[in-house]
Amino acid sequence: MHGEYKVPGGKLVVVDLDVVDGRLSDVRLSGDFFLEPDEALEDINRALVGAPVDADGAELAGRIQSGLPVGARLVGFSAEAVAVAVRRALTHASDWVDHEWRLIHDGPQTPLMHMALDQVLAEEVGAGRRAPTLRFWEWAAPAVVIGSFQSVRNEVDVVGAQRHGVEVVRRITGGGAMFVEPGNTVTYSLYAPGSLVAGMTFPESYAFLDDWVLGVLRELGLNVWYQPLNDIVSDAGKIGGAAQKRMVSGAVLHHVTMSYSIDAAKMGEVLRVGREKLSDKGIASANKRVDPLRRQTGLAREVVIERLIEGFRRRFGLSDGPVTEGERARARGLVESKFATQEWLLRVP
């Protein structure tokens, strides 16, 4: 069995192994990482031999740590990263380049249509009727998009939203509320098979699925990193956040919204940003919570998106795969039956 795991911001970890009587056998670790002393490589291999195939990441990492000699140095990877590679081997995980990725970047859609398309496209990938897909969103109207489990009254100033003509919608993923206006955010969704994140915990999959974005942003000159659980930040402030859902079909929906340019005063009148949320970020003012990409890159929003698309294509391959008429019709039906209803919007009042 063969498993690979690219450590976000780090090195590639590769594990080949056999299984005999339900336990790991003949474990062979390799990769482009750095390890001192050299002999520690065999120590890691030996530590993993005999581990049960149902061992979780914590147990595997513990075995590795116990087997390392005193003073061993792991650079660009960790015991936890090796454990992920082992779990990916055992679960027959796939890699990015194992799939033929499709791109959707169509014209502006209503907020409700975006919510419905996310569900439909994820379900289509899970059913095998659509190849794994990367979709960039364009907005036809301003909106507040709240997480699946958030309270409307706690997160949104409804009067302020009505005054500014901002529609309030609820998505199917968890996480926090986001304020968007046409042209002011960069939002994308990944619709991927579950095999892509097999062997990973939820926190590990968040960083893994966005590592390519950080690579492109660094190419644009930004000093960025992933801040668990789901934030993309730079030394100049927060850039964006991610949300994720594992579908019943096994597919993974993962999307990210990054701020390009934001009307912070309007955001403050539409969202209820509590003191606890701000103190958690170490910030004194809601106006400073999100740092726009425009100021950090100096590039037009369209150019930023173009660079992101090209960066993905360079790494994994990407060809056009627009929304089909059938998918669009299903999404319109979901808008009427689910996303536009008060039952859905106020499922948590």
Side-chain angles (χ1 to χ4, degrees), residues 1-98 192 194-215 218 223-233 235 242 244 246 252 254 280:
M1 298 179 182
H2 179 86
E4 298 186 4
Y5 176 57
K6 168 64 171 60
V7 180
K11 298 298 185 178
L12 179 67
V13 178
V14 182
V15 172
D16 292 281
L17 58 86
D18 297 323
V19 173
V20 177
D21 296 330
R23 294 186 177 273
L24 306 192
S25 173
D26 193 20
V27 179
R28 303 172 299 282
L29 171 65
S30 60
D32 60 355
F33 49 76
F34 300 93
L35 177 62
E36 296 287 347
D38 289 353
E39 295 75 22
L41 185 67
E42 287 307 317
D43 292 327
I44 294 174
N45 291 336
R46 280 192 293 268
L48 290 168
V49 170
V53 295
D54 58 355
D56 61 16
E59 180 179 343
L60 293 171
R63 279 176 166 262
I64 294 167
Q65 292 286 8
S66 297
L68 285 170
V70 175
R73 296 180 61 219
L74 286 65
V75 181
F77 77 121
S78 64
E80 290 74 17
V82 177
V84 172
V86 170
R87 294 301 308 157
R88 286 176 66 74
L90 293 169
T91 55
H92 304 286
S94 61
D95 191 27
W96 292 92
V97 295
D98 294 331
S195 61
L196 186 62
V197 294
M200 298 183 193
T201 63
F202 268 93
E204 288 164 346
S205 70
Y206 269 87
F208 175 79
L209 291 174
D210 287 331
D211 192 48
W212 68 274
V213 175
L214 271 63
R218 288 173 186 136
N223 179 26
V224 292
W225 61 91
Y226 212 81
Q227 182 168 295
L229 169 67
N230 61 338
D231 286 345
I232 297 174
V233 298
D235 49 9
Q244 190 181 116
R246 307 292 173 94
V252 177
H254 180 91
D280 179 59

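Every value quoted in this text rests on a predicted model; they were computed, and no experiment measured them.
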Report the C-alpha separation of K6 and D32 in whole Å, then their side-chain angles, then the decisive distance to 0.1 Å, and conclude whether the side-chain contact (heavy atoms from CB on, under 4.5 Å) test is met.
CA-CA 10 Å; K6 168 64 171 60; D32 60 355; over 6 Å; no

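- Considering only heavy atoms from C-beta on, P69 comes within 4.5 Å of D43 through its side chain.
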Run the numbers on L74 and L68 for side-chain contact (heavy atoms from CB on, under 4.5 Å), then give the verdict.
CA-CA 10 Å; L74 286 65; L68 285 170; 3.8 Å; yes

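- Of all non-hydrogen atoms in L60 and L24, the two that sit nearest each other are CD2-CD1, 4.4 Å.
- Annotation for D21: atom CG does not count as buried by contact number, only 12 or fewer foreign heavy atoms lying within 6.0 Å.
- L48 is listed as a side-chain neighbour of V82, based on a closest heavy-atom distance under 4.5 Å.
- The shortest side-chain heavy-atom distance between R28 and D18 falls under the 4.5 Å cut-off.
- Here the straight-line distance linking atom CD of E4 with atom OG of S30 works out to 8.0 Å at 0.5 Å rounding.
- Atom OG1 of T201 sits about 10.5 Å away from atom CG of D56, to the nearest 0.5 Å.
- For residues 86-95, there are no salt bridge (charged side-chain N to carboxylate O under 4.0 Å, His left out) pairs, not counting sequence neighbours.
- Between A242 and D210, the shortest heavy-atom distance links the atoms CB-OD2, 3.6 Å.
- The two residues H2 and D16 come nearest to each other via the heavy atoms ND1-OD1, 2.6 Å.
- Between Y226 and I232 there is a side-chain heavy-atom pair separated by less than 4.5 Å.
- Distance CZ/F77 to CD1/I44: 4.5 Å, rounded to 0.5 Å.
- Using a 4.5 Å heavy-atom threshold, the side chains of L196 and W96 count as touching.
- Closest approach of G199 to E204, counting heavy atoms only: O-OE1, 4.3 Å.
- Among the candidates F208, Y206, W212, the single residue satisfying the ring-ring contact (aromatic ring centres under 6.0 Å, His included) test with H254 is Y206.
- Minimum interatomic distance between A61 and A83 (heavy atoms only, all atoms of both residues): N-CB, 4.0 Å.
- Under a 3.5 Å cut-off, the side chain of S66 and the backbone N or O of R63 do not form any donor-acceptor pair.
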Verdict with reasoning, V213 to V224, per side-chain contact (heavy atoms from CB on, under 4.5 Å):
CA-CA 10 Å; V213 175; V224 292; over 6 Å; no

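- Contact detail for V53 and R23: the closest heavy-atom pair is CG1-N, 4.0 Å.
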Please test V84 against V13 for side-chain contact (heavy atoms from CB on, under 4.5 Å), starting from the C-alpha separation and ending with a verdict.
CA-CA 9 Å; V84 172; V13 178; over 6 Å; no

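- Under a 3.5 Å cut-off, the side chain of N45 and the backbone N or O of D26 do not form any donor-acceptor pair.
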